[in-house]
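A short worksheet on the structure shown next.
A, B, ... follow the sequence lines: proteins, then strands. Residue 1 opens every chain.
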Number of protein chains: 2
Amino acid sequence: MATTQDRQLVEQWRSIQNSYFRTAAAIDRALEAKFDIGLNEFEILDLVAESVDSACRMKALGERTPMTQSAVSKVVDRLEKAGLVSRVTCSDDRRSLYLELTEAGRALHSDAAVEHRALLKENLGE
Amino acid sequence: MATTQDRQLVEQWRSIQNSYFRTAAAIDRALEAKFDIGLNEFEILDLVAESVDSACRMKALGERTPMTQSAVSKVVDRLEKAGLVSRVTCSDDRRSLYLELTEAGRALHSDAAVEHRALLKENLGE
DNA sequence: TGTCATTGAATGACGCGTCATATAGATTGA
DNA sequence: TCAATCTATATGACGCGTCATTCAATGACA
């Protein structure tokens with residue numbers, strides 16, 4: 001039985017989907033075109049950039065993002081290959097790694113962030 | 001320069017992401033476990049189920065979903081392979097196809113829809 | 001200290017979505 | 001009516017995320 005509430009839920013859900021997909025696609029294309037990195041790469045860069053302490057972070061990153069641990073690992077692979085980030089082993093727990101932005105990483109991030117915020121504004125803040 | 005508005009935008013965006021991912025993952029797992037279809041399969045099934053007219057629909061479907069045309073095509077492949085849907089060529093335009101639920105498709109949809117709505121309610125309607 | 005369980009991260013196989021194309025049918029206009 | 005163009009769908013190569021597993025380091029407890 002399709003209740004009115006059901007229909008409202010489905011509507012709400014589709015609206016979230018559209019909002020999410022449209023925005024994500026827009027940002028992804030723009031970042032890809034201008035900076036040659038995808039949305040997930042940027043999001044990790046953004047998280048690293050906003051971390052102040054140099055605590056062991058790979059793990060922490062996974063908690064701040066809906067990405068899987070293995071997804072994070074692969075995104076970081078790409079970022080590292082692109083020379084934007086480097087993995088540094090933790091001295092107090094040698095299983096752990098923390099991430100540092102390279103010069104290039106910091107530079108790219110600050111440019112890309114402008115683009116990112118602008119597109120968020122455009123897509124979310126109507 | 002990270003303005004307050006920027007931070008708010010990023011917060012809003014992360015909140016949308018979480019809402020979307022958490023909900024999508026929950027529904028996907030549940031449908032996969034109980035009905036052996038993924039979320040996108042269900043969404044197409046749902047769209048087909050809610051179409052009343054028998055207009056040529058493959059095309060129309062693509063307009064109601066953030067999925068790509070080719071994604072829709074492949075989702076329909078799987079649905080068809082699973083015997084839940086069948087492609088029927090349009091008599092008035094033989095490039096077009098419309099979709100029909102099979103008996104199995106209709107049955108599965110009505111069960112799965114209950115689950116789907118329940119999970120939406122649980123995840124969206126707090 | 002030695003064993004056993006646990007934890008942080010990496011890896012390979014796999015599925016799915018995307019992009020660029022292909023194909024077949026429709027439409028337009030001379 | 002015949003090209004040229006456009007439109008609806010399908011397909012193959014490819015990239016990325018996920019799952020399950022692996023590996024190394026740590027912790028717990030006897």
Practice item. Identify the heavy atoms of Ala26(B) and Asn123(B) that sit nearest to each other, and give their distance. Key: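 Minimum heavy-atom contact is CB-ND2, 4.0 Å.
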Practice item. Could you pick out which residue, Met58(A) or Arg29(A), lies toward the 5' side of DNA chain C when each is mapped onto its nearest nucleotide? Key: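 Closest to the 5' end, via its nearest nucleotide, is Met58(A).
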Exercise for review: Taking only heavy atoms on the protein side, list every residue of residues 33-43 of chain A lying under 4.0 Å from any atom of DNA chain C, sorted numerically.
Suggested key: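 Residues of residues 33-43 of chain A that come under 4.0 Å of DNA chain C do not exist, since none gets that close.
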Counting just side-chain N and O atoms, does [X] come under 4.0 Å of either OP1 or OP2 of [N]?
X: Ser73(A); N: dA10(C); result: yes
X: Lys74(A); N: dC16(D); result: no
X: Arg78(A); N: dG17(D); result: yes
X: Arg87(A); N: dG8(C); result: no

Check your understanding: Looking at dA10(C), does its base get a donor-acceptor pair with the side chain of Gln69(A) below 3.5 Å?
Key ->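 By the distance-only test, yes, there is a pair.
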Check your understanding: Side chain of Arg95(B), base of dT9(D): donor and acceptor closer than 3.5 Å?
Key ->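 Counting by modelled atom types and ignoring angles, no donor-acceptor contact under 3.5 Å is found here.
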Review point. Does the Asn18(B) side chain pair with the main chain of Arg14(B), one donor and one acceptor, at a distance under 3.5 Å?
Key: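 Here the side-chain-to-backbone pair exists.
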Exercise for review: Report which part of the nucleic acid Thr68(A) touches: base, sugar-phosphate, or nothing (heavy-atom distance under 4.0 Å, all strands).
Suggested key: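 Thr68(A): backbone/sugar contact only, no base atoms under 4.0 Å.
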Review point. Within the structure shown, what part of the strands sits under 4.0 Å from Ser70(A) by heavy-atom distance: base, sugar-phosphate, or nothing?
Key: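 Base, at least one base heavy atom under 4.0 Å.
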Exercise for review: Specify whether His116(B) and Phe42(B) have parallel, tilted or perpendicular ring planes, treating 30° as the upper limit for parallel and 60° as the lower limit for perpendicular.
Suggested key: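 If you compare the ring of His116(B) with that of Phe42(B), the planes turn out tilted.
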